[in-house]
Amino acid sequence: MLSMHADDSKKTEHLLSLDGAKERLQLFKANLLEEGSFDAAVDGCEGVFHTASPVQFSATDPQAELIDPAVKGTLNVLKSCVKFPTVKRVVLTSSMAAVIVNGRPLNPDVVVDETWYSDQAVCAQLKEWYFLSKTIAEEAAWKFSKENGIDLVTINPSYVIGPLLQPTLNLTVKMILNLKNDIHDVISSNYISSDVRDVAFAHVQAFEVPSASGRYCFVGHVTPVSKVLNILHELHPTFFPPEK
């Protein structure tokens with residue numbers, strides 16, 4: 001497992017306390033923007049899972065905050081994978097953000113599938129910088145993998161929610177708290193979500209099942225936002241009063 005914060009116990013304590021971590025977990029320090037910094041971690045591996053990419057929906061400098069880490073980070077991991085013949089398959093965590101933003105209508109008759117790709121121009125026009133970063137990163141990953149003979153599989157999840165390992169809130173869980181504030185970023189007609197445990201299992205399947213290939217759109221639930229707010233009101237009445 002890789003971490004830029006391998007020396008920071010607040011960032012690693014929850015990992016080191018996992019079952020079997022003492023025997024089977026090794027932490028490496030790496031930097032998404034530094035070529036070759038993943039070599040030590042990848043050396044000797046059969047499967048590489050690249051999950052790290054900054055998740056934030058606003059940015060003052062989208063290139064530096066989102067696009068460079070997503071794109072250069074992905075390519076740096078893949079460049080390390082090319083160096084070691086032990087690597088049999090790479091599983092990349094992409095996103096539905098790299099699938100659905102292409103200007104096509106999303107009405108009830110439309111089926112979104114793995115042949116859909118977000119359009120960089122549409123993402124930029126909408127100033128959806130996270131969506132743009134994931135789109136460019138996935139496209140770059142496919143291009144590099146095809147040119148270098150890497151067996152790549154991508155998992156494209158919707159908003160990932162569920163039990164947290166770490167003691168801090170991540171952005172997709174914060175989004176649920178933000179629903180009550182009518183924040184424009186998260187109020188849309190539907191809230192698409194997936195359970196983090198299912199997403200993790202899908203990654204394992206993508207590596208272990210030999211016939212797995214290409215892209216997998218991963219959406220556990222499509223829920224009208226009004227229904228989400230009703231559920232949240234029932235579960236957490238103090239956080240979500242009925243008038244919201």
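At distances below 3.5 Å, at least one donor-acceptor pair connects side-chain atoms of Ser194 with backbone N or O atoms of Gly220. A donor-acceptor pair is defined here as one N or O able to donate and one able to accept, closer than 3.5 Å; no such pair exists between the side chain of Ser145 and the backbone of Trp142. Looking at Thr223, its side chain never comes within 3.5 Å of a backbone N or O of Val228 through a donor-acceptor pair. The backbone N or O of Glu114 lies less than 3.5 Å from no partner atom in the side chain of Tyr117, so there is not a single donor-acceptor pair. In this structure, Asn107 contributes its side chain and Asp109 its backbone to a donor-acceptor pair below 3.5 Å. Between the side chain of Ser118 and the backbone N or O of Ile100, at least one donor-acceptor pair lies under 3.5 Å.
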- request: Kindly determine whether Val112 and Val219 satisfy side chain to side chain contact (heavy atoms under 4.5 Å, CB included), including the steps that lead there.
  value: CA-CA 11 Å; Val112 178; Val219 182; over 6 Å; no
query: Can you check side chain to side chain contact (heavy atoms under 4.5 Å, CB included) on Thr74 and His50, steps first, answer last?
result: CA-CA 7 Å; Thr74 298; His50 179 45; 3.5 Å; yes
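Tyr159 and Leu106 fall within a single hydrophobic cluster, where Ile, Leu, Val, Met, Phe, Trp and Tyr side chains are chained together by heavy-atom contacts under 4.5 Å. Taking hydrophobic clusters as Ile, Leu, Val, Met, Phe, Trp and Tyr residues chained together by side-chain heavy-atom distances below 4.5 Å, Trp129 does not share a cluster with Leu33.
Expressed to the nearest 0.5 Å, how far OG1 of Thr12 lies from NE2 of His14 amounts to 8.0 Å. For the atom pair NE2 of His233 and CZ of Phe239, the computed distance is 14.5 Å after rounding to the nearest 0.5 Å. One distance of note links CG of Asn170 with OG1 of Thr168; it measures 7.5 Å at 0.5 Å rounding. Atom-to-atom distance recorded for Asp39:CG and Lys79:NZ is 11.5 Å, nearest 0.5 angstrom.
Contact annotation: the side chain of Val82 approaches that of Phe144 to within less than 4.5 Å [non-hydrogen atoms, C-beta and beyond]. When side chains are defined from C-beta on, Leu152 counts as touching Thr154, because their heavy atoms get closer than 4.5 Å. Between Phe38 and Leu32 there is a side-chain heavy-atom pair separated by less than 4.5 Å. Residues Val99 and Arg215 are in side-chain contact: their nearest non-hydrogen atoms beyond the backbone lie under 4.5 Å apart. At a threshold of 4.5 Å between non-hydrogen side-chain atoms, the residues Cys217 and Asp113 do not count as touching. Using a 4.5 Å heavy-atom threshold, the side chains of Phe84 and Val48 count as separate. Inter-residue side-chain proximity for Tyr191 and Ile161 is flagged as met; some heavy-atom pair is nearer than 4.5 Å. Using a 4.5 Å heavy-atom cutoff, the side chains of Arg104 and Trp116 are in contact.
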Just list the side-chain donor-acceptor pairs under 3.5 Å for residues 87-96, sequence neighbours left out, or say none.
| from | atom 1 | to | atom 2 | distance (Å) |
| --- | --- | --- | --- | --- |
| Arg89 | NE | Asp151 | OD2 | 2.9 |
| Arg89 | NH1 | Ala206 | O | 2.8 |
| Arg89 | NH1 | Val209 | O | 2.9 |
| Arg89 | NH2 | Asp151 | OD2 | 3.2 |
| Arg89 | NH2 | Pro210 | O | 2.9 |
| Arg89 | NH2 | Ala212 | O | 3.2 |
| Thr93 | OG1 | His203 | NE2 | 2.7 |
| Ser94 | OG | Glu138 | OE1 | 2.6 |
| Ser94 | OG | Asn156 | ND2 | 3.3 |
| Ser95 | OG | Ala97 | N | 2.9 |

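When the salt bridge (Lys or Arg N to Asp or Glu O under 4.0 Å) test is applied to Asp43, no partner is found at least two apart in sequence or on another chain. For Gln120, the side-chain contact (heavy atoms from CB on, under 4.5 Å) partners at least two apart in sequence or on another chain are Leu132, Thr135, Ile136, Glu139.
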